[in-house]
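Below is one structure, written out as structure tokens; the observations come after it.
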Amino acid sequence: MRIAVCIKQVPDTEARLRVAKDGRWVDEEDLPFVINESDNYALEEALKITEEHGGEVVAICLGPGRAQEALRKALALGVASAVHLADDAFTGGDAVATARALAAAVRHTEADLVITGSQSDDVGYGSTGSILAGHLGWPHAWLVMGVEIEDGAGSAVVVREMEAGMNERLRIALPAVIEVQAGINHPRYASLRGIMKAKRKPLESLGPADLELDPSTVGAAGSRLEILEVAFPSSGESAEILEGEATEVAKSLVEKLRNEARVL
Amino acid sequence: MSNEIWVLLQHRDGALHRGSREAIAAARAIAGRNGGEVVAVLIGKGIADLATTAATYDVARVCTVEHDALADYTPGGYVGVLSAAILAAAPAFVVAPHTYQSVEYVPRLAQAVDAALVPEVVAFEDRDGLAYRRPIMGGKLQAVVRTRGEGTVVLTVQSGAFSADDAGSGSAEVVALADAGEPAVDREIVGVEQAAEDTVDLSSADVIVAAGRGVGGEDKMGPITALAAALGADIGASRPVIDSGWLPRDRQIGSSGQTVAPKLYIAAGISGAIQHLVGMKGATCVVAINKDRNAPIFSVARYGVIGDLHEVLPALTTAIEEAKAAG
């Protein structure tokens, strides 16, 4: 089995964010980038499946030059090869345009299964994997908390989260796109040996022409969605903010909880 | 291209999802800005009563598709039926609630009809035409986005962003959805099960101390436990804490965990992603402790402490113990 895992490199969720000068995105200078959280779980799930059922994992990442670091990390974790969609023509896309490029890359890898995260921690569309399935014409499942490959059956049984604490157990034919939720497994750490081996593993960088894609159909040019502005929401208005030395803040807070809010 | 605004109603076990009314409210808000007729779309099996209910909201009509293969929701079933109808009618907008179900199939529906997709809208704005406000970076920032080109715009609206009461009232006619496609069921439902055994019921807790990713590790839960003990509180957590295995899953508060409404909710190191906020916004008094003054948790808090929880919580525990001792 050949599993393609689509990963995204996103700003570390713990990083302090600043709005870029043009007001249309975050300032990426000095911003730490990591593999998107649910994509980390996707990598682990794919590696687990190939360890049990055989086969190999190929990681695909669409993003600028810095995203190569995410692919090197995936290779260090045990992924066999990597595809980097680094061309500028690919960047700035909405979910439809990004999924179009990823679909071409998945076909290029000849994968039988795509595993990816359910949602990116930056733009948070939660849509790219599902649209990727649409472009490929494969069935899909989103918010998956369990995957069992049925040997010889060409199918998988997946557990999908529903609302109100319920799960749905589904049988889905392969090839398919499975979008996993954070928490599905316990992602491994890269070993020193893995990191050394990763340096010699194949990492292919592909542009639109390599994938026979018209550049006007991908990236910002192929997108129907345009970000006009990003800003901090007008939060904090309702909260009375206390700051300063911890003991003083704590005393003042207890006094307010007792006498103002009357909840102590 | 018609000027219709379609609303995809979600339902389960014979009841409309509350997000369905919120989606109607959002559609009416679009109609108020851009004009156009709001049309409710309801597909499933045995949905006659639901259609009657939907017709009591302020919609021009309720369009239904009754089909055995729609007895249970599947992405292929829904996309098959709806995409043909959308392609034929070319509504200006298609609105759905941003639920676990919609987020799974609506993007694929948008792709199938070659529409622009705007996920998780929280508000509408006017920027030389209709623009949409939506959260990014886990809710720490918001983006204003606009669509380009002609054709249908498909959008999902965040839970709670529009009031269900604004679905209005009316007496619409119920008709069959024109040009509905065939359901192409693409997966088999094996069963529905409880996600986790709820051995801990936080729904009736009076006081909750909730831990977030900012706690920093399973071995760093001490200040949380100590504060909970001083307050006689239950301990809850946001999803990252559960996913990292620092606390068991039955402590999770939020859209895929428990919904709570305590008198006092102390959120420590929780940034406040919408998935968490929907589970705790019913709390009477929220205290948020976070290093990042832009954390969205402060927007639902009555009191906010900007600081390191590992310094603030022990001080708070001491202050509470002293206050108790003083009576």
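Per chain, numbering begins at 1; letters A, B, ... match sequence-line order. Only heavy atoms go into these numbers, but all of them, side chains included; no hydrogens, no water, no symmetry mates.
- If you check the side chains of A/Asn185 and A/Glu45, you find a donor sitting under 3.5 Å from an acceptor.
- Salt-bridge formation is not detected for the pair A/Arg224/B/Glu150: no Lys NZ or Arg NE/NH1/NH2 atom is positioned less than 4.0 Å from an Asp or Glu carboxylate oxygen.
- Between B/Ala237 and B/Leu247 the shortest heavy-atom distance is CB-CD1, 3.7 Å.
- A/Asn167 contributes atom CG, which lies 9.0 Å from atom CD of B/Gln194 (distance to the nearest 0.5 angstrom).
- For the pair A/Glu255 and A/Arg258, the salt-bridge criterion is not met [side-chain N within less than 4.0 Å of a carboxylate O].
- A/Ala15 touches chain B through its backbone: at least one of N, CA, C or O sits under 4.5 Å from a heavy atom, while the side chain does not.
- For A/Thr128, no part lies under 4.5 angstrom from a heavy atom of chain B.
- Of the charged side-chain nitrogens involved, none lies within less than 4.0 Å of a carboxylate oxygen, so that A/Lys21 and A/Glu28 do not count as a salt-bridged pair.
- Within the 4.5 angstrom heavy-atom criterion, no atom of B/Gln252 approaches chain A.
- Contacts with chain A were tallied for B/Val144, B/Ile136, B/Leu109; B/Val144 has the most, counting heavy-atom pairs under 4.5 Å.
- Ranked by heavy-atom pairs under 4.5 Å with chain B, the first of A/His135, A/Arg24, A/Lys256, A/His140 is A/His140.
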Quick one, B/Val145 with A/Glu226, criterion side chain to side chain contact (heavy atoms under 4.5 Å, CB included). Give me CA distance, side-chain angles, the key distance, then yes/no. CA-CA 5 Å; B/Val145 301; A/Glu226 177 186 17; over 6 Å; no
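- Of the listed residues (B/Gly214, B/Ala288, B/Gly245, B/Gly191), the greatest number of heavy-atom pairs within a distance under 4.5 Å of chain A belongs to B/Gly191.
- Judged by distance alone, with hydrogens and angles left aside, the side-chain atoms of A/Asp39 form no donor-acceptor pair with the main-chain N or O of A/Ala42 at under 3.5 Å.
- Ranked by heavy-atom pairs under 4.5 Å with chain B, the list A/Ile172, A/Val159, A/Ile227 is led by A/Ile227.
- Looking only at heavy-atom pairs under 4.5 Å with chain B, the residue among A/His186, A/Gln119, A/Glu14 that has the most is A/Glu14.
- Panel note: side chain A/Glu163, backbone B/Ser255; no donor-acceptor pair is recorded below 3.5 Å.
- When each of A/Leu132, A/Val158, A/Val96, A/Val123 is scored by its heavy-atom pairs under 4.5 Å with chain B, the top score falls to A/Val123.
- For A/Asp121, the part sitting under 4.5 Å from any heavy atom of chain B is the backbone (N, CA, C, O) and nothing else.
- Relative orientation of the B/Tyr73 and B/Tyr105 rings is tilted, given thresholds of 30° and 60° on the angle between their planes.
- Side-chain N/O atoms of A/Gln181 and A/Ser38 include no donor and acceptor closer than 3.5 Å.
- Other residues, nucleotides and ligands contribute only 12 or fewer heavy atoms inside 6.0 Å of the CG atom of B/Asp128.
- Ionic pairing of B/Glu125 and B/Arg134 is not present here: no N-O contact between side-chain nitrogen and carboxylate oxygen is shorter than 4.0 angstrom.
- Side-chain contact of B/Arg239 with B/Ser256: a donor-acceptor pair under 3.5 Å is present, judged by distance alone.
- Residues B/Ile266 and B/Ile208 have side chains not in contact (no heavy-atom distance under 4.5 Å, counting atoms from C-beta outward).
- Of the two parts of A/Pro187, neither the backbone nor the side chain holds a non-hydrogen atom closer than 4.5 Å to a non-hydrogen atom of chain B.
- Of the atoms belonging to A/Ala141, heavy atoms from both backbone and side chain fall under 4.5 Å from chain B.
- With a 4.5 Å cut-off on non-hydrogen atoms, A/Val10 does not touch chain B at all.
- Interface summary for chain A: among B/Lys140, B/Lys324, B/Lys291, the most heavy-atom pairs under 4.5 angstrom belong to B/Lys140.
- Heavy atoms of A/Leu225 lying under 4.5 Å from chain B belong to its backbone as well as its side chain.
- Options A/Leu264, A/Thr247, A/Leu253 differ in how many heavy-atom pairs under 4.5 Å they form with chain B, and the most are formed by A/Leu253.
- If you measure heavy-atom distances from B/Ile242 to chain A, you find no contacts under 4.5 Å at all.
- With a threshold of 4.5 angstrom between heavy atoms, B/Pro107 approaches chain A through its backbone and through its side chain.
- Contacts of B/Glu120 with chain A are made by side-chain atoms alone, with heavy-atom separations under 4.5 Å and no backbone atom involved.
- Only the backbone of B/Pro135 comes within contact range of chain A, judged by heavy atoms closer than 4.5 Å.
- When the candidates B/Glu322, B/Arg127, B/Glu311 are compared by the number of heavy-atom contacts under 4.5 Å with chain A, B/Arg127 comes out ahead.
- If you measure heavy-atom distances from B/Ala184 to chain A, you find no contacts under 4.5 Å at all.
- By number of non-hydrogen pairs under 4.5 angstrom with chain B, the leading residue of A/Glu168, A/Lys251, A/Glu161, A/Met162 is A/Glu161.
- Chosen from B/Leu264, B/Leu313, B/Asp292, B/Val103, the residue pairing most often with chain A at heavy-atom distances under 4.5 Å is B/Val103.
- Neither the backbone nor the side chain of B/Val106 has a heavy atom closer than 4.5 Å to any heavy atom of chain A.
- We find the CG-OG1 distance between B/Leu117 and B/Thr152 to be 12.0 Å, quoted to the nearest 0.5 Å.
- Residue A/Trp25 touches chain B through its side chain alone, counting heavy-atom pairs closer than 4.5 Å.
- For B/Thr99, the parts sitting under 4.5 Å from any heavy atom of chain A are the backbone and the side chain alike.
- Contacts between B/Ala323 and chain A at a heavy-atom distance below 4.5 Å involve backbone atoms as well as side-chain atoms.
- More than 12 heavy atoms of other residues, nucleotides or ligands sit less than 6.0 Å from atom CZ of A/Arg66.
- Interface summary for chain A: among B/Thr317, B/Ile306, B/Asp186, the most heavy-atom pairs under 4.5 angstrom belong to B/Ile306.
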